[in-house]
Amino acid sequence: MIRSVVRGTGAALPRRIMKNADFEGMVETSDEWIAQRTGIRQRHIAADDETTASLGEAAARAALADAGLTPDDIDLIVLATSTPNNTFPATAVEIQNRLGMQHGFAFDMQAVCSGFVYAVTTADLYIRGGLAKRVLVIGSETFSRILDWSDRSTCVLFGDGAGAIVLEAGEGAGAIADRGVLAASLRSDGAHKEKLFVDGGPSTTGTVGHLRMEGREVFKHAVGMITDVIEATFSTAGITADDLDWFVPHQANKRIIDASAKKLGIAEQKVVVTVDLHGNTSAASVPLALSVAVADGRIKKGDLVLLEAMGGGFTWGAVLVRW
Ligand code: ACO
């Protein structure tokens with residue numbers, strides 16, 4: 001059977017790093033509060049010339065270089081983002097043009113922080129359905145543009161950045177030992193919209209709006225939703241937490257990551273954590289964490305890797321990949 005195998009990873013971060021202490025003169029907060037409640041120590045913030053498209057392009061080029069491929073080899077670009085350069089055209093199409101691609105197709109996917117998990121699942125279906133052989137899956141965000149910088153309960157949590165992987169069609173036996181995407185489980189529930197949303201949009205206010213979040217409410221739901229979808233993925237694949245080599249969760253809050261891993265019985269040393277370095281970069285957080293763990297040699301060919309995310313909507317999901 002056809003499997004979607006990871007062939008390369010890449011990342012791109014804005015030049016400017018903003019430390020927790022840099023917020024202290026802006027809103028009533030402290031490095032200690034932010035670090036203790038979230039695990040975040042710093043985040044990258046885009047300059048005017050750094051956009052979702054430019055960061056996405058840079059991450060895509062890095063992933064292509066890692067794969068030993070060029071844009072000519074790519075059939076499809078799926079970009080997960082909630083902060084597109086424009087309402088339309090899709091930022092994925094802009095990245096396609098920046099890469100010099102005049103073939104193939106590209107589209108954006110909007111599932112907020114779960115965007116990358118949704119995008120990998122979608123790309124896998126295009127590959128297994130025979131519509132694409134090689135797909136660039138990118139998560140790129142500039143959440144700094146939609147933050148209310150006077151709201152301490154949200155502005156300290158988010159950062160900008162991009163990560164990408166190249167998925168390529170390969171042959172598998174239909175077994176758990178195959179390399180590639182092995183199982184996935186996706187969920188959404190719009191009843192939770194008011195807990196995490198942006199208060200503007202083209203069809204309502206005609207403005208871009210700002211991110212609004214009832215953090216405590218999101219926190220209350222997060223661990224249960226994350227563990228449900230991971231258990232469903234384990235059940236589909238016929239594995240347990242002990243079979244995993246690496247758990248790469250959405251990087252929103254260290255306390256949510258720790259509580260989810262504990263509830264699932266995933267050993268602490270198998271959990272990839274980058275929230276301290278990047279903050280919550282929404283759809284970019286999972287591929288950024290992946291790129292760090294691949295670059296430092298933790299994630300290796302043949303490893304069993306679980307990706308997970310939960311975010312606005314609510315949306316949530318998990319994907320199991322043998323690297
Ligand atoms: N500095 C200092 N104090 C603060 C700050 C701050 N930056 N922000 C809030 N506080 C205060 C609050 O006002 C509150 O004060 P009060 O008790 O006097 O009312 C107090 O700190 C505690 O606030 P809580 O909201 O209860 O703090 P909590 O421990 O829940 O931590 C946090 C807040 C970090 C937001 C947490 O709830 C969280 O991580 N939630 C989940 C976020 C998440 O996972 N989002 C999903 C993905 S994001 C996406 O999809 C786009």
Side-chain angles (χ1 to χ4, degrees), residues 18-43 52 80-84 109-119 139-161 186-190 192-201 208-227 229 249-261 273-276 278-286 288-289 308-317:
M18 192 170 176
K19 304 261 189 201
N20 290 348
D22 298 334
F23 283 93
E24 287 176 5
M26 294 169 52
V27 287
E28 207 181 320
T29 190
S30 63
D31 173 32
E32 194 195 354
W33 191 96
I34 301 169
Q36 268 183 7
R37 298 284 179 135
T38 70
I40 299 167
R41 298 202 169 271
Q42 62 173 48
R43 73 286 292 139
T52 294
T81 191
S82 302
T83 46
M109 181 141 264
Q110 221 280 43
V112 203
C113 296
S114 310
F116 188 76
V117 164
Y118 273 56
S140 183
E141 301 277 19
T142 44
F143 260 52
S144 63
R145 313 271 209 251
I146 55 164
L147 294 176
D148 175 350
W149 286 90
S150 65
D151 174 13
R152 68 175 182 175
S153 71
T154 53
C155 73
V156 302
L157 303 175
F158 295 90
D160 302 332
L186 302 180
R187 284 295 322 277
S188 66
D189 183 353
H192 301 282
K193 177 184 171 184
E194 301 301 324
K195 298 184 181 88
L196 176 52
F197 70 108
V198 171
D199 62 4
V208 171
H210 291 108
L211 182 148
R212 305 291 172 204
M213 178 166 76
E214 294 171 30
R216 212 175 308 188
E217 283 298 310
V218 178
F219 204 132
K220 241 169 44 193
H221 287 86
V223 177
M225 288 177 161
I226 289 165
T227 49
V229 89
H250 173 47
Q251 309 284 320
N253 185 314
K254 179 76 162 58
R255 289 188 294 149
I256 295 176
I257 296 172
D258 289 346
S260 311
V273 177
T274 51
V275 70
D276 52 330
H278 305 144
N280 182 348
T281 56
S282 192
S285 97
V286 169
L288 271 170
E308 160 276 309
M310 183 264 177
F314 290 153
T315 55
W316 63 110

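Whatever order the structure lists them in is the order used to number ligands and atoms, beginning at 1. If you read the sequence from its start, that first residue is 1, and numbering goes on from there. This one's a predicted model, so the numbers in the text were calculated from it and none came from an experiment.
- Taking Tyr118 as the reference, nothing meets the ring pair (Phe, Tyr, Trp, His ring centres under 6.0 Å) condition, with sequence neighbours excluded.
- Listed here is the closest heavy atom pair of Thr154 and Asp148: OG1-O, 4.3 Å.
- Here the shortest heavy-atom pairing between Val156 and Arg43 reads O-NH2, 2.7 Å.
- The nearest pair of heavy atoms linking Ser285 to His250 is OG-ND1, 2.6 Å.
- In this structure, Arg41 places its CZ atom where only 12 or fewer heavy-atom neighbours from other residues, nucleotides or ligands lie under 6.0 Å away.
- Near ligand 1, Glu28, Thr29, Trp33, Arg37, Thr38, Val112, Cys113, Phe143, Arg152, Ser153, Val156, Leu157, Phe158, Leu196, Met213, Gly215, Arg216, Val218, Phe219, His250, Ala252, Asn253, Arg255, Ile256, Asn280, Met310, Gly311, Gly312 each place a heavy atom less than 4.0 angstrom from the ligand.
- Counting only N and O atoms by type, the side chains of Thr281 and Glu141 include no donor and acceptor under 3.5 Å apart.
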